[in-house]
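Protein chains get the first letters and strands the later ones, always in sequence-line order, with residue 1 at the start of each.
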Amino acid sequence: MYHWKLGPQGDADAASHRSTRLFGILGVARPPRHSSVTRDMSTVPSVRIAELNAYLGRPVTVRAWVTHVRSSGKVAFATLRDGTGTAQAVFVKHQVGDALWARFAELTTETSVAITGEARENPRAPGVLDIGVSDLQIVGTSPSDYPIQPKEHGIDFLLDHRHFWLRSSRQRAIMVIRNEVEQAIHDFFYERGFLRVDTPILTAAIGERSGLFATEYFEEGNAYLAQTGQLYGEAAAAAFGKIYTFGPTFRAEKSKTRRHLTEFWMIEPEVAWNDSEANMKLQEEFVEFLVQRVVERRKPELAELERDVAKLERIRAPFPRLNYSDAVALVQKKGSDTKWGDDLGAEDEALIVEDYDKPVFVFNYPKEAKAFYMKENPDDPRTVLCDDLLAPEGFGEMIGGSQREDDYDKLVARIKEEGLPMEAYDWYLDLRRYGTFTHAGFGLGLERTVAWICGIPHIREVIAFPRMMHRLRP
RNA sequence: UCCCCAGUAGCUCAGUUGGUCAGAGCAUCCGACUGUUAAUCGGAGGGUCGUAGGUUCAAGUCCUACCUGGGGAGCCA
């Protein structure tokens with residue numbers, strides 16, 4: 001870690017001084033060979049780049065990574081990144097001396113450094129502060145073959161180097177917005193009296209659909225990675241009223257599209273006494289809240305991503321609603337050959353969404369197109385009380401929700417119709433035997449939501465380390 | 001699983017009807033430059049053209065198979 005070199009002049013004494021200062025800054029014990037050298041550095045504050053403008057005209061120490069180096073004979077520049085922002089270190093040869101000047105020449109892309117100098121504004125580049133360097137410690141060297149360049153790269157190459165790609169300013173902006181969305185989710189539900197419930201990731205087979213990841217589980221046979229926490233969420237709603245889950249979800253389908261991951265994060269609220277109407281109202285309030293929170297607090301990051309903020313500012317409840325039958329009629333008018341009873345395909349969703357600049361609800365699908373647990377529509381028993389919320393700008397289905405079937409006999413009949421193993425649902429059916437209750441909930445795909453807010457076309461870019469069919473590393 | 005597309009230098013790509021086709025830009029290394037912002041200028045190194053067969057006097061180039069990946073469909077969030 002403490003990997004620094006002397007300049008060509010062999011400035012050993014100066015080097016030991018600098019080394020001492022670095023160890024002091026890092027707050028770790030000095031090696032004994034430097035113990036005779038002491039220097040009080042308490043007057044030089046160690047700051048993050050985002051805080052630099054509070055220290056203009058004063059000496060500071062910044063610990064950061066070098067993103068770019070430029071040299072011009074007698075003056076040289078190193079751009080610095082520390083995760084909070086960027087700054088520019090300026091080396092003027094006649095000011096820094098030969099030894100430090102020589103050490104500058106050792107800086108390469110992604111060298112980690114501790115740089116001390118005066119913070120000051122740079123009239124030539126408003127917004128990026130300069131550090132007039134008086135001292136430089138190389139903490140970790142970086143070979144000259146660092147793979148990520150400030151040039152175009154293919155997506156495959158970038159994902160192979162995801163551990164480096166995350167260092168770029170664009171990726172930082174995405175992760176900051178993702179974090180803002182996650183925090184907003186917790187705030188939204190906390191303020192409304194929801195209880196967060198963490199549901200199991202290892203489950204017995206309860207979906208019985210293909211696309212489950214299996215793993216050995218002691219003497220119990222196979223366990224499966226959770227595809228949803230919903231069934232557990234329903235049990236929790238009967239216990240606590242209003243709950244939500246927030247966790248990873250796994251789908252082993254061999255999906256190869258920009259909207260799919262094998263591991264993604266899903267938020268699943270479940271609310272006692274909500275019907276389908278209240279469910280949709282909660283969804284649109286929720287989505288509006290998330291989008292407006294990002295607009296309010298993350299303008300710089302949206303700008304970094306060149307996102308059209310005006311499109312996000314328009315995202316206000318209520319959202320347009322189409323019942324399934326009207327949606328089918330609409331897409332047929334636009335040339336689709338989808339018939340009543342079919343599920344809506346990706347092309348159909350695009351046809352529906354193109355007329356709106358807000359997310360669009362499509363509600364009450366045919367029973368056959370949806371899951372067994374959705375409540376039969378009393379006004380049209382061919383359909384169930386459910387909704388999909390489609391994101392604008394072609395980002396696809398962001399939410400799937402429904403009122404749950406609370407009638408024991410109807411639920412049993414649906415499980416039989418689907419050919420599902422009744423014994424797997426014994427505890428789930430108990431929820432209808434012991435104090436059944438009207439309830440509804442939905443699942444929001446975090447990555448799809450963040451991709452839409454960021455305007456990133458592929459969701460693999462909005463999760464730090466995506467898991468896809470052909471990608472298990474890094 | 002199905003349909004479409006692509007594999008040429010570290011990266012992004014060009015390479016015409018088969019015949020100086022082993023190329024460019026960037027990156028790297030060396031040199032020049034006192035304020036650069038993807039700096040600029042000069043020079044250098046770097047490739048079994050995805051793999052294996054085949055056609056031909058001659059194959060990145062045409063044919064076949066395979067491998068790998070991408071995009072889309074389905075499934076869904």
[atom1] spacing across the pair [N] / [M], given as an integer number of angstrom:
N: C5(B); M: A24(B); atom1: P; answer: 31 Å
N: U51(B); M: A6(B); atom1: C1'; answer: 16 Å
N: U34(B); M: G23(B); atom1: C1'; answer: 38 Å
N: U48(B); M: C2(B); atom1: C1'; answer: 35 Å
N: G54(B); M: G71(B); atom1: C1'; answer: 31 Å
N: C4(B); M: U16(B); atom1: C1'; answer: 25 Å
N: G7(B); M: G15(B); atom1: P; answer: 10 Å
N: U12(B); M: A27(B); atom1: P; answer: 15 Å

All side chain to side chain contact (heavy atoms under 4.5 Å, CB included) counterparts of Val69(A), not counting sequence neighbours: Val66(A), Phe104(A), Leu107(A)
Pro147(A) or Arg120(A), whichever maps to the more 5' nucleotide of RNA chain B: Pro147(A)
Position toward the 5' end of RNA chain B (nearest nucleotide), Arg448(A) or Thr109(A): Thr109(A)
Candidate nucleotides U28(B), A77(B), U36(B), ranked by approach to the side chain of Glu397(A) - the nearest: A77(B)
Nearest-nucleotide pick for Ser255(A), side chain only, options being G35(B), U34(B), G74(B): G74(B)
Any residue meeting side-chain hydrogen bond (donor to acceptor under 3.5 Å, both in side chains) with [X], in chain and number order, not counting sequence neighbours:
X: Asp355(A); value: Lys334(A)
X: Glu417(A); value: Arg414(A)
X: Asp348(A); value: Ser336(A), Thr338(A)
X: Lys367(A); value: Glu376(A)

Centroid-centroid under 6.0 Å between Phe188(A) and Phe194(A) rings: no
His186(A)-Phe246(A) aromatic ring centre distance below 6.0 Å: yes
Provide the Watson-Crick or G-U wobble partner of [N], both distances under 3.5 Å; none if there is no partner.
N: A73(B); answer: U1(B)
N: A24(B); answer: U12(B)
N: G60(B); answer: none
N: A6(B); answer: U68(B)
N: C29(B); answer: G43(B)

Round to the nearest Å and state the distance from [X] atom [atom1] to [N] atom [atom2].
X: Glu110(A); N: U28(B); atom1: CD; atom2: P; value: 13 Å
X: Met374(A); N: A77(B); atom1: CE; atom2: C1'; value: 12 Å
X: Glu253(A); N: G74(B); atom1: CD; atom2: C1'; value: 10 Å
X: Asp348(A); N: C75(B); atom1: CG; atom2: C1'; value: 15 Å
X: Phe157(A); N: G7(B); atom1: CZ; atom2: P; value: 18 Å
X: Glu447(A); N: A77(B); atom1: CD; atom2: P; value: 13 Å
X: Leu344(A); N: G74(B); atom1: CG; atom2: C1'; value: 14 Å
X: Glu349(A); N: A73(B); atom1: CD; atom2: C1'; value: 13 Å

Residue list, ring-ring contact (aromatic ring centres under 6.0 Å, His included) with His260(A), at least two apart or on another chain: none
Residues which pass ring-ring contact (aromatic ring centres under 6.0 Å, His included) with Tyr190(A), listed by chain and number, not counting sequence neighbours: none
Sugar-phosphate only, base, or nothing, as touched by [X] at under 4.0 Å among non-hydrogen atoms:
X: Gln88(A); answer: base
X: Asp343(A); answer: sugar-phosphate
X: Lys254(A); answer: base
X: Gly396(A); answer: nothing

Taking only N/O atoms, report every protein-nucleotides 69-71 of chain B pair under 3.5 Å with atom names and distance.
residue	atom	partner	partner atom	Å
G69(B)	OP1	His470(A)	ND1	3.3
G71(B)	OP1	His458(A)	NE2	3.3
G71(B)	OP1	Arg460(A)	NH1	3.0
G71(B)	OP1	Arg460(A)	NH2	2.6

Pairs involving residues 279-294 of chain A, ordered by first then second residue, that meet salt bridge (charged side-chain N to carboxylate O under 4.0 Å, His left out) (sequence neighbours left out): Glu180(A)-Arg293(A), Asp187(A)-Arg293(A), Lys281(A)-Glu285(A), Glu284(A)-Arg321(A), Glu288(A)-Arg316(A)
Syn/anti state of G60(B) by chi, 90° boundary around 0: syn
For RNA chain B, find the residues of [range] with a heavy-atom distance under 4.0 Å and give them by number; none if there aren't any.
range: residues 320-340 of chain A; answer: none
range: residues 259-267 of chain A; answer: Arg259(A), His260(A), Leu261(A), Phe264(A), Met266(A)
range: residues 68-86 of chain A; answer: His68(A), Arg70(A), Ser71(A), Ser72(A), Gly73(A), Lys74(A), Val75(A), Phe77(A)

Aromatic plane relationship, His161(A) with Phe164(A) - under 30° parallel, 30 to 60° tilted, over 60° perpendicular: parallel
Regarding [X] and [Y], do their side chains bring together a donor and an acceptor under 3.5 Å, going by distance alone?
X: Asp135(A); Y: Thr116(A); answer: no
X: Ser402(A); Y: Arg404(A); answer: yes
X: Tyr244(A); Y: Glu270(A); answer: no

Residue pair Gln292(A) / Ile315(A), side-chain heavy-atom distance below 4.5 Å: yes
Axial cation check for Tyr365(A) ring with Lys370(A), 6.0 Å and 45° limits: yes
Nearest atoms (heavy-atom pairs only) where Leu100(A) meets Ser134(A): CD1-O, 3.3 Å
